[in-house]
Amino acid sequence: MSLIVVGSMAFDAIETPFGKSDKIVGGAATYISWSASNFTRPIKQISVVGGDFPLEEMKMLEVRGVNMEGVQVKPNEKSFFWSGKYHLDMNTRDTLETQLNVLGNFDPVLPESYLDCEYLMLGNLLPAVQMSVINQLKTKPRLTVLDTMNFWMETALPDLLKVLEQVDVLLINDSEARQLSGEYSLVKAAKIILKMGPKYLIIKKGEHGALLFHKENVFFAPALPLEDVFDPTGAGDTFAGGFIGHIVRTKDISFENMKTAIIVGSAMASFCVEKFGTERLKEIGHADIERRIQQFKELVNFDIELV
Ligand code: AMP
């Protein structure tokens, strides 16, 4: 059992209608590994950071079973920086600034111990880097999951389309699904995207849950109704970490098990939004996660007698 997680490790500055953060640690691979390490270890991380990235953040992940051998540290450069501002609904946001810094010329080198990975989670970063990781593996993973975002659709679409041909599961949000397909209806969008390569498509809809498409099948999972959403940053990546973590733990890549994985992903995302950055993910343990998954069961469980 081994999982490679690829993605940005970053500094973020976040504004919500209720508060503002200074530069805090974030990044797709950071959130994915905090989340997935509740279900599977070791995790083999691929990323790049500058000399400004706090070493203790990497140590905390190491303690969680996240192998940092594949994370390059460039002492004389700056880490990736992203800033975003959320609208009042906390579901939509504007990117204020993206500074690629070290990510701009990142050339990932997979350590020998990574080469036989069975599961590959390609988190958000340059599609060319995601492709380079796929190409370095000796054998095709049992399951490859890809997360990406509008930024790469706008700046690197040809590379992204090539990566899409190589993956099994694509995870994007509703506006990205519309952008990628050119269709407003998510059902029509899914049909188009499933022809681009992935066999499974997960469309995240923030507080409105997530949809899983596979051939003619559709599954819907709600998001937990929360009284307060403090900071949605990283919720998508935390969802991805819960999803892949559950798949790796159970070694079951069937559509039926992906349904459960989506519930696990949604439960993990519901923790992430409760505090700024990775703060809440650092606090929770197995008992909290089990209780939250139980809440999801109760949320959607009902009996009906057909008339
Ligand atoms: P999410 O809220 O799950 O979509 O992910 C937010 C995280 O993605 C933040 O911590 C950012 O550092 C990271 N991020 C934002 N834009 C990019 C990008 N273009 N490439 C890689 N990571 C990004």
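Because the structure is a prediction, the values reported are computed rather than measured. In listed order, ligands and their atoms are each counted from 1. Quick note: numbers below take in every heavy atom, side chains included, and nothing from hydrogens, waters or symmetry partners.
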Would you call [X] and [Y] a salt bridge, taking side-chain N to carboxylate O under 4.0 Å as the test?
X: Lys85; Y: Asp94; answer: no
X: Arg280; Y: Glu283; answer: yes
X: Arg142; Y: Asp252; answer: no
X: Glu112; Y: Lys138; answer: yes

Nearest neighbour in protein (non-hydrogen) for [atom]:
atom: atom 13 (C) of ligand 1; value: Ser8 OG, 4.0 Å
atom: atom 5 (O) of ligand 1; value: Asp237 OD2, 2.7 Å
atom: atom 21 (C) of ligand 1; value: Asn124 O, 3.1 Å

Legend entry - Pair His246 + Phe39: ring centers closer than 6.0 Å: no
Legend entry - Ring center gap for Phe230 and Phe276 short of 6.0 angstrom: yes
Can you check which of [options] brings a heavy atom nearest to [atom]?
atom: atom 2 (O) of ligand 1; options: Pro232, Gly236, Gly234; answer: Gly234
atom: atom 18 (C) of ligand 1; options: Trp82, Tyr31, Phe11, Phe80; answer: Phe80
atom: atom 19 (N) of ligand 1; options: Tyr86, Phe81, Trp152; answer: Trp152

Counting each atom of ligand 1 from 1 as listed, which ones have a heavy atom of [X] under 4.0 Å away?
X: Met149; result: 15 (C), 16 (N), 17 (C), 18 (C), 19 (N)
X: Asp12; result: 9 (C), 10 (O), 11 (C), 12 (O)
X: Arg93; result: 1 (P), 2 (O), 4 (O)
X: Ala10; result: 12 (O)
X: Gly26; result: 10 (O)
X: Phe151; result: 19 (N)

Legend entry - For Ala235 against Cys272, the heavy-atom pair lying closest together: N-SG, 3.8 Å
Legend entry - Heteroatom proximity flag, Gly27 to ligand 1, N/O under 3.5 Å: yes
Inset, instruction - Would you verify whether the NZ or CZ of Arg178 falls within 45 degrees of the ring axis of Tyr184 while also being under 6.0 Å from that six-membered ring's centre? - result: yes
Inset, instruction - Could you grab the distance from atom CG of Leu126 to atom OG of Ser132, nearest 0.5 Å is fine? - result: 11.0 Å
